[in-house]
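Notes to accompany the following structure.
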Amino acid sequence: MRPCAARRPRPESFPEQPLQSLSGPAIPLGQTRQLPSGRDMRLSAYFLPVLKETPSEAQIVSHRLMLRAGMIRQASAGIYSWLPMGLRVLRKIEAIVREEQDRVGAQELLMPTVQSAELWRQSGRYDAYGPEMLRIRDRHEREMLYGPTNEEQITEIFRDLAKSYRDVPRMLYHIQWKFRDEVRPRFGVMRGREFLMKDAYSFDLTPEAARVSYYKMFVAYLRTFARMGLKAIPMQAETGPIGGDLSHEFIILAETGESRVFCHKAFLEKDPLAQEPDYEADLEPVFKDWTSHYAATEDVHDPAKAAELGDDLITARGIEVGQVFYFGTKYSKPMNATVAGPDGQPILLEMGSYGVGVSRLAGAIIEACHDDAGIIWPESVAPFKVGLVNLKSGDADTDAMCEKLYGELAAAGVEALYDDRDERAGSKFATMDLLGLPYQLVVGPKGLKDGVVEIKARATGARDTLSPEAAIARLTA
RNA sequence: CGGGGUGUAGCUCAGCCUGGUAGAGCGUCGGCUUUGGGAGCCGAAAGUCGUAGGUUCGAAUCCUAUCACCCCGACCA
């Protein structure tokens with residue numbers, strides 16, 4: 001447990017070395033300026049460049065809100081820095097992805113971003129991939145590339161290190177930055193050139209076994225997106241340049257989605273989290289259940305088939321947040337990735353790959369969850385659970401109560417961002433609404449006179465007036 | 001890659017047509033007054049006008065080139 005933040009001195013109480021702006025008078029040699037702890041989540045000490053106005057380059061809502069809420073900063077076209085607030089969200093998304101991958105039995109590793117061209121020549125994709133691949137040369141004029149994906153790399157690893165049928169099946173994944181030199185990056189982190197992706201790879205002995213892996217990952221994906229508060233609908237997909245013959249895209253519905261999608265309204269009623277998954281059981285019925293209804297992107301849309309749904313048809317816009325592929329021996333064959341079978345004969349590995357757009361999800365979740373005032377984070381990915389709003393910084397009673405509540409939240413392990421700035425109430429409310437933390441704990445002198453504080457739920461706007469003790473009880477429940 | 005557009009203060013923009021000492025609002029910093037939904041007044045700091053050439057006595061403004069970014073389309077986790 002972290003030390004209780006409330007016991008830390010407030011900045012203005014540092015007697016010998018008051019905080020100054022970085023351009024202020026020089027600090028005498030031998031002295032170090034007191035810096036806020038990396039765990040001090042007081043807005044007065046936090047690096048959170050909130051923008052009141054919308055930067056002109058941002059057109060879609062998630063991009064605008066991410067810039068305004070101080071989550072990201074564009075470095076160049078399609079390439080972003082993640083500022084502290086944005087990184088917290090990215091890490092939350094990662095954590096959910098990681099938990100569900102681990103739960104399905106995938107094992108995490110980490111492969112490099114820079115790969116050798118030689119590797120890609122083995123699969124034949126070095127020439128096939130086109131200008132989307134960022135090609136670079138090292139000082140020895142060796143041809144390298146910044147990986148747009150990792151099939152070749154994982155296949156080489158598995159080929160060279162897994163020798164026996166006993167080493168199969170395995171599922172491996174990593175969460176690593178990718179680069180695809182999109183002709184036209186746009187929509188902020190939703191279509192960046194550099195993006196963070198979870199990519200998993202399955203290795204099996206037979207097509208039947210590979211299907212089992214595919215089903216497992218399919219279910220893991222349903223759970224992953226549901227835990228982020230998203231309705232992700234698996235849709236039949238074309239396999240594209242990665243190849244193979246079984247593939248689904250996971251699409252979330254959002255007004256600002258990139259493509260039109262069509263699906264049966266039954267999907268909206270389904271809840272992947274209704275029961276605990278049993279990955280040892282036969283998952284084909286689950287898979288069939290989720291793929292029996294019509295669901296198609298514009299590319300593969302069949303109007304005649306869709307028309308049969310009548311009133312059950314939903315026409316909407318969608319954002320792809322993940323895709324799963326079974327592609328058999330597409331890579332194992334050219335790269336000669338085999339293991340020895342029980343009879344000593346080599347068996348070509350049956351493979352699948354499974355991607356989740358981790359950085360894209362940050363934008364996609366905002367597209368799905370926002371209002372005019374700002375972001376509305378689902379609790380599972382919120383950068384903080386609670387925004388503690390001090391309505392009158394400098395008022396002794398209000399400050400004391402805020403410090404107490406902040407300390408109690410910290411002690412209970414509840415992530416809270418404390419707005420202790422000397423700002424007006426309206427400005428603080430607007431900032432909190434913009435940031436979109438699930439709960440605002442509002443403390444002001446008027447309420448304290450009656451011994452009460454206020455909790456506002458960001459999603460509904462509902463406010464409850466209650467005692468500080470009851471507020472803490474509710475927020476730490 | 002085709003088509004269109006924009007580069008002026010941290011952000012949003014005006015000024016350019018018709019060349020003559022760089023502007024506003026917001027934000028930032030200081031002061032006073034305020035204080036429950038983006039406060040008011042006073043003061044201050046802050047821009048080699050994307051870059052490089054050219055025309056001119058003089059260029060943010062006119063010309064040429066170039067770079068960057070954005071939008072529409074085709075392409076894509």
Side-chain angles (χ1 to χ4, degrees), chain A residues 20-24 49-60 63-64 67-68 70 73-79 97 129-133 147-150 175-200 221 237-238 240-242 247 249-252 258-259 297 299 319-325 353-364 373-374 389-395 398 419 421-434 440 442-449 452-454 456 461 463 465:
Chain A
Q20 292 159 339
S21 75
L22 290 175
S23 55
V50 168
L51 302 177
K52 206 164 167 180
E53 292 179 86
T54 303
S56 57
E57 78 261 20
Q59 294 301 312
I60 67 163
H63 191 194
R64 286 200 300 260
L67 289 167
R68 288 195 52 211
R73 177 171 172 88
Q74 182 166 338
S76 46
I79 302 178
V97 169
Y129 213 93
E132 263 198 6
M133 181 187 283
T149 177
N150 287 67
I175 299 175
Q176 178 63 289
W177 293 92
K178 308 289 189 287
F179 196 94
R180 294 183 191 176
D181 199 356
E182 299 276 346
V183 192
R184 189 184 159 207
R186 60 187 131 169
F187 304 148
V189 300
M190 298 243 293
R191 178 160 305 293
R193 293 193 291 171
E194 187 184 50
F195 58 96
L196 188 61
M197 180 163 97
K198 186 284 300 181
D199 40 323
Y221 272 36
E238 298 190 343
I242 295 186
S247 179
E249 290 180 358
F250 287 78
I251 306 255
I252 64 164
E258 298 175 75
S259 54
T297 60
D299 308 342
I319 301 168
E320 184 186 342
V321 289
Q323 186 163 7
V324 290
F325 299 89
S353 77
Y354 315 87
V356 169
V358 173
S359 51
R360 168 180 287 186
L361 273 166
V389 180
N390 183 334
L391 285 182
K392 193 163 184 180
S393 234
D395 176 82
T398 312
D419 190 348
R421 297 171 306 156
D422 184 17
E423 289 287 327
R424 298 174 67 85
S427 164
K428 292 192 171 190
F429 288 134
T431 299
M432 276 302 169
D433 285 349
L434 172 63
Q440 297 171 15
V442 181
V443 181
K446 288 184 185 172
L448 287 183
K449 210 181 305 174
V452 295
V453 297
E454 192 176 279
K456 173 182 159 184
R463 299 153 189 270
T465 302

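Every chain is numbered from 1 and lettered A, B, ... according to where its sequence line falls, protein lines coming before strand lines. FYI, side chains are in, hydrogens and waters are out, and symmetry mates aren't considered; it's all heavy atoms of this structure.
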Contact class for [X] vs. all strands (heavy atom < 4.0 Å): base, sugar-phosphate, or nothing?
| X | answer |
| --- | --- |
| A/Asp433 | base |
| A/Gly363 | nothing |
| A/Val356 | nothing |
| A/Leu391 | base |
| A/Arg463 | base |

Atom-pair distance ([atom1] on [X]; [atom2] on [N]), nearest Å:
| X | N | atom1 | atom2 | value |
| --- | --- | --- | --- | --- |
| A/Glu258 | B/rG73 | CD | C1' | 14 Å |
| A/Ile60 | B/rC72 | CD1 | C1' | 15 Å |
| A/Asp422 | B/rU33 | CG | P | 13 Å |
| A/Asp395 | B/rU34 | CG | P | 15 Å |
| A/Gln59 | B/rG73 | CD | P | 12 Å |
| A/Arg68 | B/rG38 | CZ | P | 14 Å |
| A/Lys449 | B/rU35 | NZ | P | 12 Å |
| A/Phe187 | B/rC75 | CZ | P | 14 Å |

I want to check something: taking the side chain as every heavy atom from C-beta on, are [X] and [Y] in contact at a cut-off of under 4.5 Å?
| X | Y | answer |
| --- | --- | --- |
| A/Tyr221 | A/Val321 | no |
| A/Val442 | A/Phe429 | yes |
| A/Pro55 | A/Arg68 | yes |

Euclidean distance for [atom1], [N] against [M] (whole angstrom):
| N | M | atom1 | answer |
| --- | --- | --- | --- |
| B/rC49 | B/rU61 | C1' | 10 Å |
| B/rG25 | B/rA9 | P | 16 Å |
| B/rU48 | B/rA24 | C1' | 22 Å |
| B/rG20 | B/rA60 | P | 9 Å |
| B/rG27 | B/rA46 | C1' | 11 Å |
| B/rG5 | B/rA45 | C1' | 34 Å |
| B/rA14 | B/rC72 | C1' | 27 Å |
| B/rC63 | B/rA59 | P | 16 Å |

Under the side-chain hydrogen bond (donor to acceptor under 3.5 Å, both in side chains) test, residues paired with A/Glu182 that sit two or more places apart: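 Per chain and number, A/Glu182 pairs via side-chain hydrogen bond (donor to acceptor under 3.5 Å, both in side chains) with A/Arg191.
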
Partners passing side-chain hydrogen bond (donor to acceptor under 3.5 Å, both in side chains) against A/Asp199 (at least two apart in sequence or in another chain):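 Result, side-chain hydrogen bond (donor to acceptor under 3.5 Å, both in side chains) vs A/Asp199: A/His174, A/Lys178, A/Tyr201.
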
Measure across A/Ala58 and A/Thr54 and return the closest heavy-atom pair with its distance rounded to 0.1 Å.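 Smallest heavy-atom distance, with atoms named: O-CG2, 4.5 Å.
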
Below 4.0 angstrom from OP1 or OP2 of [N], is there any side-chain N or O of [X]?
| X | N | value |
| --- | --- | --- |
| A/Lys52 | B/rG27 | yes |
| A/Arg424 | B/rA39 | yes |
| A/Gln74 | B/rC70 | yes |
| A/Ser56 | B/rC13 | yes |

Residue matched to [N] through Watson-Crick or wobble contacts both under 3.5 angstrom:
| N | answer |
| --- | --- |
| B/rA9 | none |
| B/rA45 | none |
| B/rA39 | B/rU33 |
| B/rU21 | none |
| B/rC62 | B/rG54 |
| B/rC1 | B/rG73 |

Among the nucleotides [options], which one has an atom lying closest to any side-chain atom of [X]?
| X | options | result |
| --- | --- | --- |
| A/Lys392 | B/rG73, B/rU35, B/rG27 | B/rU35 |
| A/Glu132 | B/rC11, B/rC70, B/rC75 | B/rC75 |
| A/Lys456 | B/rA74, B/rG38, B/rG37 | B/rG37 |
| A/Glu57 | B/rC69, B/rC26, B/rA74 | B/rC69 |
| A/Ala77 | B/rC70, B/rG36, B/rU12 | B/rC70 |
| A/Ala425 | B/rC70, B/rG36, B/rC1 | B/rG36 |

Going by atom types alone, do A/Ser247 and A/Gln323 pair a side-chain donor with an acceptor below 3.5 Å?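 Indeed, the side chains of A/Ser247 and A/Gln323 share at least one donor-acceptor pair under 3.5 Å.
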
[N] base to [X] side chain: any donor-acceptor pair below 3.5 Å?
| X | N | result |
| --- | --- | --- |
| A/Arg184 | B/rG3 | no |
| A/Glu423 | B/rG37 | no |
| A/Thr431 | B/rG38 | yes |

If you assign each of A/Gly357 and A/Gly444 to its closest nucleotide in RNA chain B, which residue comes earlier from the 5' end?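 Between the two, 5'-proximity favours A/Gly444.
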
Mapping A/Glu454 and A/Glu249 onto RNA chain B by nearest heavy atom, which one lands closer to the 5' end?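 Checking each residue's closest nucleotide, the 5'-ward one belongs to A/Glu454.
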
Sidechain N-carboxylate O distance under 4.0 Å for A/Arg463, A/Glu454: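 The answer is yes: the pair qualifies as a salt bridge.
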
How long is the straight-line distance from CE of A/Met133 back to OG1 of A/Thr149, given to the nearest 0.5 Å?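 The distance works out to 9.5 Å.
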
